[in-house]
Every structure is written in structure tokens, then in C-alpha cells.
Amino acid sequence: MIYVLGSINNDISLEMERMPKKGETLIADSCRMGLGGKGANQAVAIARLARKYDDGRKAVQMIGKVGTDAVGTELKNKLESYGVGVEFVRQVNRSTGTAIVTVCGKNNRIMVYSGANLGISKSDIDEALMNAKSTDTLLCQMEVPMYIVGYALSQARARGMTTILNPAPAHEMPEDMYYNVDVIAPNETETEKLTGINPKDWDSQLAAMKEFHRRGVRYVVLTLGGNGCAISDNGKLISHIPARKVPVVDTTGAGDTFVGALALTYPHVGMYSFEEACIFATRAASFTVSRQGAADSIPSFDEVSELYNTKIEA
Ligand code: ATP
Ligand code: RIB
């Protein structure tokens, strides 16, 4: 079982020809609303890609909060319809989290109102992880309060679970939090914010990965957008995996698809190596950049079945 602790947002995506200047009003080319939030997107990625292992049980349980408003109910139902377990998604008397996503060619800019996502408590974590086993995984991001993420990671570590952190959006973290992280997967901006190193070339990527290892993390994946990713297993295996060349429509959720796919395949020891899991994640994310939206743009198992049936390579 993979437990995803994180945000659930109502994404309002505006497609723009260009970004407005200060004081300017611009008309958008299109507007769509859908399920988003880094936590929800990653949970959906796991559920959709996990069909291969489908034995009637859910592969993923989401731990999160939405509002008691209509949109909160709708997003919770949508998560469930994608195959995500929602037993630990609670509705509270706050507005559901909302994200305004502006998409302009290959670039997006996202503004988030956290709302109900801030309502997750330590007792929610205790309840959700009560029956978790050492073979289970906890996956977190940073769109819920940092002290809750730190608490969940420590509880998961105490149970011997695998822990994966996508530190997005990046906030400076206490150094001892890194000790409870098995795999960290930041993008370029997050890497720079957390390590002070801009991973613009191979030397700086190596330096940044080394810095995460120094802080206690075993596996590091730096996602580099259209340039793929750099990976390191405690410096033993160091590699660069190129991105697939695909037409880019909207990159929103690419990182989430990558991280969800990685969480699904990485702990299957014996089935995939760390490097193979990252190649798989790279291929899964390439589907997401080719279409619009966040959770709704994540590929299903059937769509990417060749990822399982063919030799894994980028
Ligand atoms: P986002 O916030 O846009 O969802 P992110 O910033 O968290 O994404 P990125 O590093 O931009 O994460 O992308 C994650 C992965 O998605 C990359 O490692 C790559 O495999 C894939 N990807 C991203 N952009 C492209 C692209 N233009 N072409 C092909 N693959 C891409
Ligand atoms: O990573 C993409 C997500 O970031 C969007 O779905 C938005 O809700 C923000 O959380």
C-alpha cells in the first residue's frame, strides 16, 4: 500500500497567449476546472498506473482534507473514481484548496490558496498509519503544513516504511527531517532553494545530489523538466536520464506523474532497480506534458502498457 499525504485542490487553469504585465488585463484562450493538488495528482498517478498489480485491493490511500463545500465533495468523488482510496480524506468546515494555473506555452505559473489542506492534524496521521506495515510506502509533498509532513515521515520511519519526499513547493526544512527520507525528488527550483546550488549543468547537479546525501537521504532524483532527470544512489549509481521528445501542450502535473510513477515502481524490489523506476517515471511523465490539465492528464495503465511490456529505456 502507498499512503499519499498531501493537498487536494480545485485547479482553475487559464490558457494564455502570454502572461499579463503589471496592471494589465488579458483575455484567456481557454478555461477549465479539474482535480489538482500535488498530493491528489500523485495519488491519481499511482492508482492509474497500478492497474497492472490490480488484485481488487487499492494500491493507494490518500490522506488529506477538502471542504464541506460542493467542490470538496466533487473532488473527493473524483479521486475515488480514479481508484484512489479516500477513507482518510476528510471534509472540514473550510474552503477547499484552490489553485489558479496559468499556462503559457511550455511554461506555467501556479498560485495556491491552501484552505482545507491546512487542516490536517497529527491525529489524522496516526489514524491513517495505524495499520501500515514495513512493506508500505509514505509519499509526501509540501502543500500541507511542514510540521505534519515531518511528523508523518517520522511515524513512517518508526514503522520501517519506505519514505519518499517531493519537496514542492520548497521550504527550508530542519536538517533532521532529511534523516527520515529514503528518496527525495525536487525539481530545479526546489533544488536551488534547498541546497543553494542551481543544477544548471552536470557538475552542479552532482554537487546538489551530494549535498542531499550529506543530509542523510539515500536516493536523489533531480527532475530537470525537458532535460530529464539526474539520479544518484548514495553516489554508487549516478546517471542522467533524458526526457522523451514529445509535443508539449501543458506541463502541469508532469512532476507529479513522475513522482507517483516512481513511488509505485521503486519499492517493488526485484522488479525494478532504482534507475529502471526513474526511466519508467520519465516515460509516464512524457504523456502528461502532451495534454492539458493536472490529474486529468495522467496516463492510464492501458495507455502506457508498453512501458511494462517492452524493455525499459528512455
Ligand atoms: P510541473 O510543476 O510542471 O508539474 P515539475 O517542475 O515538478 O513539473 P519537471 O522537472 O518540470 O517537474 O518535470 C518532471 C519530469 O517530467 C521530467 O523529469 C521529465 O521526465 C518530464 N518532463 C517535463 N517537461 C518535459 C518536456 N518538455 N518534455 C518531455 N518530458 C518532460
Ligand atoms: O503540481 C501541480 C499542482 O500544483 C497543481 O495541480 C496545483 O493544484 C498545485 O498544487
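Atoms within a ligand are numbered from 1 in the order they appear, just like the ligands themselves.
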Review item, side-chain donor-acceptor pairs of residues 217-231, under 3.5 Å, at least two apart:
from: R218; atom 1: NE; to: D233; atom 2: OD1; distance (Å): 3.2
from: R218; atom 1: NH2; to: D233; atom 2: OD1; distance (Å): 3.4
from: R218; atom 1: NH2; to: D233; atom 2: OD2; distance (Å): 3.4

| field | Whether S290 side chain and V248 backbone form a donor-acceptor pair below 3.5 Å | value | no
| Is the shortest distance from a Lys or Arg side-chain nitrogen in E211 or R215 to a carboxylate oxygen in the other one below 4.0 Å? | yes
| Under 4.0 Å from ligand 2 - residues by heavy atom, chain and number | N9, D11, G36, G37, K38, N41, A99, I110, E143, D256, A294
Which pairs of N or O atoms, one from ligand 1 and one from the protein, are separated by less than 3.5 Å, and what is the distance for each pair?
from: ligand 1; atom 1: 3 (O); to: T251; atom 2: O; distance (Å): 3.1
from: ligand 1; atom 1: 3 (O); to: T251; atom 2: OG1; distance (Å): 3.4
from: ligand 1; atom 1: 4 (O); to: T251; atom 2: O; distance (Å): 3.3
from: ligand 1; atom 1: 4 (O); to: G253; atom 2: N; distance (Å): 3.0
from: ligand 1; atom 1: 4 (O); to: A254; atom 2: N; distance (Å): 3.1
from: ligand 1; atom 1: 4 (O); to: G255; atom 2: N; distance (Å): 3.1
from: ligand 1; atom 1: 6 (O); to: N187; atom 2: ND2; distance (Å): 2.8
from: ligand 1; atom 1: 8 (O); to: G255; atom 2: N; distance (Å): 3.3
from: ligand 1; atom 1: 10 (O); to: T223; atom 2: O; distance (Å): 3.4
from: ligand 1; atom 1: 10 (O); to: T223; atom 2: OG1; distance (Å): 2.8
from: ligand 1; atom 1: 10 (O); to: G225; atom 2: N; distance (Å): 2.8
from: ligand 1; atom 1: 18 (O); to: G228; atom 2: O; distance (Å): 3.0

| said: Check K122 with E127, please: is the shortest side-chain N to carboxylate O separation under 4.0 Å? | reply: no
| Sequence neighbours excluded, every pair satisfying salt bridge (Lys or Arg N to Asp or Glu O under 4.0 Å) that has a member inside residues 25-36 | R32-D296
| task | For the residue pair S114 and N117, confirm or rule out a side-chain donor-acceptor distance under 3.5 Å. | result | no
| said: Any donor-acceptor pair under 3.5 Å linking the side-chain atoms of D124 with those of S121? | reply: yes
| field | Basic-acidic side-chain contact under 4.0 Å: K193, E190 | value | no
| task | Assess whether side chain to side chain donor-acceptor pair (under 3.5 Å) is satisfied between D11 and S13, documenting all intermediate values. | result | CA-CA 6 Å; D11 278 10; S13 302; 5.1 Å; no
